[in-house]
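These notes are about the structure you will find just below.
To find a chain, count down the sequence lines: A is the first, B the second, and so on, and within it residues start at 1.
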Protein chains: 4
Amino acid sequence: MARLKSPAKRGAILDAAVHEIARNGLAASTASIAKRAGVASGSLFTYFPDKETLLNELYLELKREVYSRVNADFPQAASLEARARHVWTQFLSWAIESPERRKVSVLLNVSDVLTTDTRRNVATIRGIIEPTMRELGRRSVAHGLPAEFASAFLSSMQETTLDFAVRQPKRRKELIDRAFQVFWRAIH
Amino acid sequence: MARLKSPAKRGAILDAAVHEIARNGLAASTASIAKRAGVASGSLFTYFPDKETLLNELYLELKREVYSRVNADFPQAASLEARARHVWTQFLSWAIESPERRKVSVLLNVSDVLTTDTRRNVATIRGIIEPTMRELGRRSVAHGLPAEFASAFLSSMQETTLDFAVRQPKRRKELIDRAFQVFWRAIH
Amino acid sequence: MARLKSPAKRGAILDAAVHEIARNGLAASTASIAKRAGVASGSLFTYFPDKETLLNELYLELKREVYSRVNADFPQAASLEARARHVWTQFLSWAIESPERRKVSVLLNVSDVLTTDTRRNVATIRGIIEPTMRELGRRSVAHGLPAEFASAFLSSMQETTLDFAVRQPKRRKELIDRAFQVFWRAIH
Amino acid sequence: MARLKSPAKRGAILDAAVHEIARNGLAASTASIAKRAGVASGSLFTYFPDKETLLNELYLELKREVYSRVNADFPQAASLEARARHVWTQFLSWAIESPERRKVSVLLNVSDVLTTDTRRNVATIRGIIEPTMRELGRRSVAHGLPAEFASAFLSSMQETTLDFAVRQPKRRKELIDRAFQVFWRAIH
DNA sequence: GATGAATGAGGTTTCATTCAT
DNA sequence: TATGAATGAAACCTCATTCAT
């Protein structure tokens, strides 16, 4: 009777991958990932056909995680500012809590291992916040700019803010708040 | 006298490295770099003791390049806005003209190969624009935020703008201009 | 269960190492050793983490071999002379039968690859003959000399004898016997 | 007419070779030797056509050095014992004073780089002590053994003694003396 | 399904030697 | 003659992937 592929083991491999890649970059070996996951090196390949696929699925997983965090308790009916602030805050708190996951996410994003398929899938995942982002584009000063500009702008200001928030844990809350105000002022 | 180490060859290796890394990531092999540079595989190591050093010097070179571009014709005496706009425009035109160099610069920046020494050296290189950046920090709405926030913010908005400018060559000039207005509004 | 690391293969690698090193010195390449052992070049490293370890374990193996030969049929209860003669004869017959192994043992011994750990382990292995060696030290004319002198002396006379025994196979038995007499006379 | 380039430089290279080889074994690179000798890496090859030749000439040089030490003040007319004791003492004092040179000599001797030509030349160099060694063979208890046995035996006992003398500098003189007595007793 | 030994291409680096200067 | 840059073969070792058990 064939044992079933265990989702727990799959998750362990992905978690291990995060850790190893955060430490050693994308060059982290599959063997080291398997070892940390507590499975045999060969077993990794029963869960992922090859390293490239593992990396792509890992990225998807990380994105799913961020967006599920952002989507949770999303104040659908609130003002645009309130919704934007929610996105802002939730993303930053995830990034601060999970620095390794975030680092790996960045690494994967700038690398060339992500397939167009993966990129498309990520777009799909964004889901619930998409309308808010589009509204941001339409109603902001950026409306002469491409539609996605406002959203990309928000992302990049988050990155900036993140660096400072990480380095100054004590002022974290204040920093995040003030930076959002700057952002909102800019865009509104 | 034997032949002297030729700066031209050193440059060729660095250029080749840009090309290969843009194509294959930091995993690009030293052999492929040497080959593209037109030197024997071993010769690479007469110019750089090891790959890590090559990568660090490459980063320095790229940064030197950007900053020399930004520093050139810098309107010292002009208004803060004019100076900020100069930085904005010059950086973006470099990034657009040299997409490979820019990509490699980003790759190196997020990787872990850069030594603290290299990071410190880069800071030194920024040179002439530093006072402008500090002034930006002081005189902007971001003045409750850390001093470097304004500068980091400018950087990240440049990244955002860059993506759009690259994808829409025709609206490029306009995009760059409008985005700067958004930035200035935000910060001012 | 995957295949288990096969002791036979490990042995084959060690044997191959003996052969290659006897031919080319310690510079013998791991690739050539693997090839002669009939395994892939990479497989060598599943048995030994690196060349240095391979060399150290090889030395240990060779010493184990000599001492197991010397310890076998050791005439515990016999006279000191009989015991010394046993050591003398057994070592020499091993060295004569296995000239390559002996050569490699010497090469390793004068090189700097042997760790202090390995040296200590070898000392442990000597085992059964140790008391005889100490007795030799105590009861010999060398007793004013350091305790290990007698034993070192025996070793070095064996080396001398070996050279001649190898070159004159016909007189071998006689040579070994006469040389022992000289030794015994000297020490007694 | 023998043309001498710069004997001083040649000597510097040989001295540097001793040092480097003592440190890193025969794998010491020609570049490191040249560097330590204070000449350019290429210059080494104007003094020695290749590394192998360098090594062979180095061995010859070292042997010349020992034998010139042993031959100096050789008490031609003295008793056999006095002459043997002279050889014994002089060699040991050289070995103790020049541990690096001695180590390199041993390394070269057990390696396979020495040509038969070199070995033959060394035999020639022994010169003045040869008759004494032959006499030792004839007049010793080893006279049933091959002629060179006595001489080889003396050598190997010297090695043994050397180890102890090096490790116990304070008892050095006494050790050397006592060990000679053991030797003489054995052989006489 | 799980395991980990086996594989061999490929990576970085070293080095003896050559040769332009 | 002296120099040291240039060369490319070869060394050691890693690694994604396969497959016998």
Side-chain angles (χ1 to χ4, degrees), chain A residues 1-6 9 24 27-35 38-55, chain B residues 1-6 9-10 24 26-35 38-54, chain C residues 1-6 9-10 24 26-35 37-54, chain D residues 3 5-6 9 24 27-35 38-55:
Chain A
M1 196 150 306
R3 271 161 287 182
L4 293 175
K5 262 191 271 196
S6 122
K9 229 167 249 188
N24 307 315
S29 72
T30 53
S32 72
I33 294 171
K35 188 174 183 182
V39 303
S41 71
S43 299
L44 185 149
F45 295 92
T46 78
Y47 289 89
F48 306 93
D50 51 35
K51 193 184 182 182
E52 197 190 320
T53 306
L54 163 61
L55 260 18
Chain B
M1 274 302 137
R3 273 162 288 182
L4 292 176
K5 241 182 287 201
S6 112
K9 215 162 273 185
R10 197 192 118 101
N24 307 314
L26 297 183
S29 74
T30 53
S32 72
I33 293 171
K35 190 173 183 180
V39 301
S41 68
S43 298
L44 185 149
F45 296 95
T46 78
Y47 286 88
F48 305 94
D50 50 35
K51 194 184 181 181
E52 196 190 320
T53 305
L54 164 61
Chain C
M1 275 300 134
R3 274 162 288 181
L4 293 175
K5 240 182 287 200
S6 112
K9 215 163 271 186
R10 196 191 119 101
N24 308 315
L26 297 183
S29 73
T30 54
S32 71
I33 293 171
K35 189 171 183 184
V39 302
S41 67
S43 299
L44 185 149
F45 297 95
T46 77
Y47 287 88
F48 306 93
D50 52 33
K51 194 184 182 182
E52 196 191 320
T53 305
L54 164 61
Chain D
R3 64 174 180 164
K5 289 164 195 171
S6 152
K9 228 167 250 189
N24 307 315
S29 72
T30 54
S32 71
I33 293 171
K35 188 173 183 182
V39 302
S41 71
S43 299
L44 185 150
F45 294 94
T46 77
Y47 289 89
F48 305 93
D50 52 34
K51 193 183 182 184
E52 197 191 320
T53 306
L54 164 61
L55 260 20

How long is the line joining [atom1] of [X] and [atom2] of [N], in whole Å?
{"X": "C/Phe48", "N": "F/dT14", "atom1": "CZ", "atom2": "P", "result": "15 Å"}
{"X": "B/Leu44", "N": "F/dG8", "atom1": "CG", "atom2": "P", "result": "14 Å"}
{"X": "B/Arg10", "N": "F/dG4", "atom1": "CZ", "atom2": "P", "result": "19 Å"}
{"X": "C/Leu54", "N": "F/dC13", "atom1": "CG", "atom2": "P", "result": "10 Å"}
{"X": "B/Lys35", "N": "F/dG8", "atom1": "NZ", "atom2": "C1'", "result": "13 Å"}
{"X": "A/Asn24", "N": "F/dT14", "atom1": "CG", "atom2": "P", "result": "13 Å"}

Worksheet item: Measuring from C/Glu52:CD to C/Leu26:CG, what's the distance to the nearest 0.5 Å?
Response: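 C/Glu52 atom CD to C/Leu26 atom CG measures 11.5 Å (nearest 0.5 Å).
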Examine [N]: is either OP1 or OP2 under 4.0 Å from a nitrogen or oxygen in the side chain of [X]? Give yes or no.
{"X": "B/Lys5", "N": "F/dA6", "answer": "no"}
{"X": "C/Lys9", "N": "E/dA6", "answer": "yes"}
{"X": "D/Tyr47", "N": "F/dA2", "answer": "yes"}

Worksheet item: Looking at side-chain heavy atoms only, is the closest gap between A/Thr30 and A/Asp50 below 4.5 Å?
Response: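 Of all side-chain heavy-atom pairs linking A/Asp50 with A/Thr30, none is under 4.5 Å.
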Worksheet item: With pairs taken as Watson-Crick or G-U wobble and both distances under 3.5 angstrom, which stems of at least three consecutive pairs involve DNA chain E?
Response: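 Ordered by first number, the stems with DNA chain E (at least 3 consecutive pairs each) read E:2-21 with F:2-21.
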Worksheet, complete the sentence: For nucleotides 13-19 of chain E, 5' to 3', base contacts (B), sugar-phosphate-only contacts (S) and non-contacts (-) with protein non-hydrogen atoms under 4.0 Å give BBSBBB-
Show me the donor-acceptor pairs within less than 3.5 Å that the side chains of residues 38-48 of chain C make with the rest of the protein, sequence neighbours left out.
| unit_1 | atom_1 | unit_2 | atom_2 | d |
| --- | --- | --- | --- | --- |
| C/Thr46 | OG1 | C/Ser43 | O | 3.0 |
| C/Tyr47 | OH | C/Ser6 | N | 3.0 |

Item to complete: Report the nucleotide, chosen from E/dA2, E/dA5, E/dG8, that has the shortest atom-to-atom distance to any side-chain atom of C/Ala40.
Response: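 Of all the options, the side chain of C/Ala40 is nearest to E/dG8.
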Discussion item. I want to verify a distance call: between E/dT7, E/dT3, F/dT3, whose nearest atom is closest to the A/Ser43 side chain?
Written reply: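 Of the candidates, E/dT3 comes closest.
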Item to complete: For A/Ser32, enumerate each residue passing the side chain to side chain donor-acceptor pair (under 3.5 Å) test, keeping only those at least two apart in sequence or located in another chain.
Response: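 Side chain to side chain donor-acceptor pair (under 3.5 Å) check on A/Ser32 returns A/Glu20, A/Ser29.
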